[in-house]
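To find a chain, count down the sequence lines: A is the first, B the second, and so on, and within it residues start at 1. Predicted model only: the values in this text are computed from it and were never measured.
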Number of protein chains: 2
Amino acid sequence: MPETRRALGADGLVTLKELALLGALDGTEKLSCSDLAGRLDASTQTASRRLQRLDEEGYLERDIVSDGQWVEVTTAGERRLQAEYADYRRLFERDAGVSLTGVITSGMGEGRHYITLSGYMRQFTELLGYEPYPGTLNIDLTEESVRRRAHLGAIEPITIDGWEDEERTYGPAYCYPATIIAEDRYEPAHVIAPERTHHGDDHLEVIAPDRLRDTLGLQDDDEVTVDVEQR
Amino acid sequence: MPETRRALGADGLVTLKELALLGALDGTEKLSCSDLAGRLDASTQTASRRLQRLDEEGYLERDIVSDGQWVEVTTAGERRLQAEYADYRRLFERDAGVSLTGVITSGMGEGRHYITLSGYMRQFTELLGYEPYPGTLNIDLTEESVRRRAHLGAIEPITIDGWEDEERTYGPAYCYPATIIAEDRYEPAHVIAPERTHHGDDHLEVIAPDRLRDTLGLQDDDEVTVDVEQR
DNA sequence: ATTACTAAGCACCGAGTAA
DNA sequence: TTTACTCGGTGCTTAGTAA
């Protein structure tokens with residue numbers, strides 16, 4: 001469990017969510033402590049202190065001006081809210097899979113580099129039951145699928161541990177069993193994503209035993225559907 | 001805002017969510033205070049106290065036995081979690097509408113009785129811009145749509161206030177602007193739902209200016225889609 | 001009007017203990 | 001083992017105040 005989850009108390013989470021609902025997720029939002037105090041049903045002092053703490057803990061950026069302050073939830077804050085959202089999705093939508101659509105793109109080929117590293121490849125073989133083709137299928141998601149991507153949080157992933165060599169560390173990743181559906185064919189595969197994904201990331205990478213461009217007859221700009229299954 | 005939202009503190013909510021994740025939403029779940037303490041990263045005393053409070057406040061049913069306790073989240077507890085879930089959906093899926101499908105049913109005709117009461121009808125005329133046909137179209141939702149129904153929480157409803165006469169009180173209701181799509185026709189309408197809806201309710205009621213069975217040519221067991229729009 | 005400090009109070013926490 | 005009590009300490013909250 002990331003340390004950030006520990007640093008943020010229950011009250012901090014409630015406050016952060018309230019700020020996000022006020023619009024501080026999408027950009028900077030102007031408010032005063034008494035605004036927030038009203039929403040939290042607490043004193044202005046408490047609102048002030050909560051804002052200070054969230055700032056100190058790195059969940060909030062603040063710019064204090066004479067008649068209030070401009071606040072914006074940081075990436076860390078958004079991650080925390082996403083994690084919470086995933087919990088609730090697990091509660092109320094545990095049976096639902098996630099279906100994402102997008103078009104094939106060449107991407108930047110960096111996925112290929114990472115998955116072929118032995119530290120990852122060894123785990124793929126063990127946890128997925130096959131040795132992936134040394135490259136990733138890159139998909140640019142539609143706008144709606146970008147939003148739905150968050151629903152992956154409700155699905156139990158296969159966790160690929162991070163590791164390190166002499167030079168650097170390599171972060172953990174999640175694998176989600178999926179079916180890739182092209183015009184007239186489909187193949188089992190896995191969506192692979194870094195443990196930490198941002199809200200708004202429109203890119204999806206897929207691995208499979210064989211080269212999916214061949215087995216599915218795909219080329220750039222072809223549309224595919226990725227059905228991620230609940231295990 | 002319902003008073004229950006005030007009674008449950010931030011820590012209580014965290015605890016309730018944890019219990020739900022453990023399975024106490026679907027039925028009775030056995031656990032001990034030390035189990036819960038571990039998950040909450042707190043002492044067994046705190047776990048014990050939190051369980052007591054949730055019980056007292058009506059969010060939890062408990063049955064204490066010699067080697068632990070059986071717990072189950074109550075309807076009030078589930079409502080509270082649903083409300084929280086709706087907040088998170090509002091954060092991360094504010095642009096998405098909800099599409100529900102089901103089949104026409106005769107229902108029990110009780111919707112007709114309520115909506116024709118002047119206390120409601122007056123508000124419909126003012127807030128929806130039309131005087132509804134004095135009856136509701138009743139739809140039995142598919143299993144998947146029953147789950148998706150929860151997503152209505154992410155949509156800003158038109159709120160119909162509750163009221164009372166000499167004899168009894170009538171609860172508030174939510175209206176959601178929607179398009180009802182039949183085989184070959186569609187009509188603008190509103191989904192109407194009591195403010196407090198249960199998880200698992202498979203029934204949907206729709207009102208419109210004219211009798212939808214006529215304008216859409218519908219009869220029992222016909223399939224319709226209800227597209228609820230984000231305003 | 002703001003934000004945020006200080007100080008007093010209260011609630012919550014966990015250790016110890018009982019049943 | 002359990003649950004849950006008492007009790008002492010800590011930390012959060014609010015009132016008052018400063019800037």
On the nucleotide D:dA15, are OP1 or OP2 found under 4.0 Å from the side-chain N or O atoms that A:Q45 carries?
no

Hey, is B:D67 close enough to B:K30 for a salt bridge, meaning N to O under 4.0 Å?
yes

Measure the distance from CG on B:D67 to P on D:dA4 and round it to the nearest whole Å.
14 Å

Figure out the CG/P separation between B:D41 and C:dC12, and round it to whole Å.
19 Å

Please find out if less than 6.0 Å separates the ring center of B:Y174 from that of B:H190.
no

Give a yes/no on whether any side-chain N or O of B:R50 is located under 4.0 angstrom from OP1 or OP2 of C:dC12.
no

Categorize A:S32 for me: base, sugar-phosphate, or nothing, with a 4.0 angstrom heavy-atom threshold over every strand shown.
sugar-phosphate

Across the strands shown, which category fits B:S66 at heavy-atom distances under 4.0 angstrom: base, sugar-phosphate, nothing?
sugar-phosphate

Of the candidate nucleotides C:dT3, D:dT14, D:dC12, which contains the atom at the shortest distance from the side chain of A:S43?
D:dT14

Spacing of A:L31 atom CG relative to C:dA4 atom P, expressed in whole Å
12 Å

In whole angstrom, what separates A:L51's CG from D:dT13's C1'?
15 Å

If you assign B:D35 and A:D11 each to the DNA chain D nucleotide with the nearest heavy atom, which residue ends up on the more 5' nucleotide?
B:D35

Heavy-atom donor-acceptor pair, A:Q52 side-chain to C:dA4 base, under 3.5 Å
no

Give a yes or no on whether a salt bridge exists between A:E84 and A:K17, defined as a side-chain N under 4.0 angstrom from a carboxylate O.
no

Starting at atom NZ of B:K30, determine the distance to atom C1' of D:dT1, rounded to an integer number of angstrom.
11 Å

Measure the distance from CG on B:D63 to P on D:dT2 and round it to the nearest whole Å.
17 Å

Please determine whether a side-chain nitrogen or oxygen atom of A:R62 lies at a distance below 4.0 Å from atom OP1 or OP2 of C:dA4.
yes

Closer to the 5' end of DNA chain D via nearest nucleotide, is it B:C33 or A:A47?
B:C33

Closest nucleotide among C:dA4, D:dT3, D:dC12 to the A:I64 side chain:
C:dA4

Heavy-atom pair of closest approach, residues B:R148 and B:V98
O-CG1, 3.9 Å

Whole-Å distance between C:dT2 P and A:Q69 CD?
11 Å

Under 4.0 Å from OP1 or OP2 of C:dA11: is there any side-chain N or O of B:R49 that close?
no

Counting side-chain heavy atoms from C-beta on, which of C:dT2, C:dC5, C:dT3 comes nearest to A:S34?
C:dT2

Does one side chain, of A:T136 or A:E205, offer a donor that lies under 3.5 Å from an acceptor on the other?
yes

